[in-house]
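Just so you know, ligand 1 is whichever comes first in the structure, and atom 1 is the first atom listed for that ligand. We number each residue from 1, following the sequence as shown.
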Amino acid sequence: MERGIKRPREEADGVLREKQGCDADFRRWDVAETVFYLRREGLEQWEQMFREHGITGPGLPFLTEAHLEKMGVFPLGSRLQILHCLQKLWQVSNESMKVLNDPIHGHIELHPLLLRFVDTPQFQRLRHIKQLGGTYLVFPGASHNRFEHSVGVGYLAGCLVQALNERQPELLITKQDVLCVQIAGLCHDLGHGPFSHMFDGMFIPKVRPGEKWKHEMASVQMFDHLVRVNGLEEVMERHGLTLPVDLVFIKEQIAGPLDNSILNSSWPYKGRPMEKSFLYEIVANKRNGIDVDKWDYFARDCYHLGIQNNFDYQRFLKFARVCEVRGKKHICTRDKVHFAVVILTLGDMPKKIIIFWLNCKIRYTCGYFLVFCLDKKKIYLI
Ligand SMILES: [Zn+2]
């Protein structure tokens, strides 16, 4: 790059620095930079209060109206004015979001932290892994790859957790929770081998008979590798994540509980407490299998195969809410919605059978359906 030519991002940072007289990233502000920003926004009367409480940039996203009241900011109008002014800071950081146009979900905004995961060789590798194995030999349109599916799952994970947050603020979903759920969605299939399920279903058993290889565990290993070799720990901390607990949370969402010694305890997860059990049902739902991974591949695989998808995740998003069932918080939806969106009616199939559409078997042979019977908890092939 020639000297003197600024990339757009550098230029934006430069303008911001000049405008604010402080670091472009508010998360790095000390007390002096924080009060400078208040002054610039015409809120100098609260400058001293921020100074006395030693408020710095990293703490700003966590400031609530109650905090400001405790600090002695009266009246209510002033507290709201401060919060509104602080919110502009996150909008500034939104400027570095990237937008992808996806054939299934339309325009997808990627948070800068998520972009750091996508822009790694380990994630880009997914561009070359066929989502449906060799199915494209029979369905020529189905030559899509794990990359776009992973981006789609990250996007939907964000949609679901945000919808719950907006509908039920009492769940106390934090920005860190949202980012961790989105990262888990993005990275859940990192461990897939060439031709996806054909690799673990046919290749591994042939070359390594008896080996218990699962792509979920491989995803966790690849995730650890990706974070380490790309120096992402520091980037995650800069975006407000707490390590190592948030790394554990992300991996648990992909592969389930990591610590076998506490598998039988009432709460086998370590990344989040039981009060947030519902967060573990977004990317890979071990309870009922209804998760955003399926939402994406139902829609995406059908689109590329050229067959109809009856699953409407938009409707599910509208009705999903967290309810407490036997002491644990689960993602639930109204009975009839559940019935309408999950059951794919197929000719004269018995009503109580839920068909989790041919995701597994179509990868090897076309025409099989994986059928899950609710009553007997058995799986049938038809
Ligand atoms: Zn997946």
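No side-chain donor-acceptor contact under 3.5 Å links Y280 and Q253.
V178 places a side-chain heavy atom less than 4.5 Å from the side chain of I173.
Here D293 reaches the Zn ion (ligand 1): one of its N/O/S atoms is less than 2.8 Å from the metal.
Between the side chain of H53 and the main chain of F50, no donor-acceptor pair closer than 3.5 Å is present. Proximity of a side-chain donor or acceptor of N285 to a complementary backbone N or O of R287 within less than 3.5 Å is detected.
Shortest distance from the Zn ion (ligand 1) to D189 is reached at OD2 (N/O/S atoms only). Take the N/O/S atoms of H188: the one nearest the Zn ion (ligand 1) is NE2.
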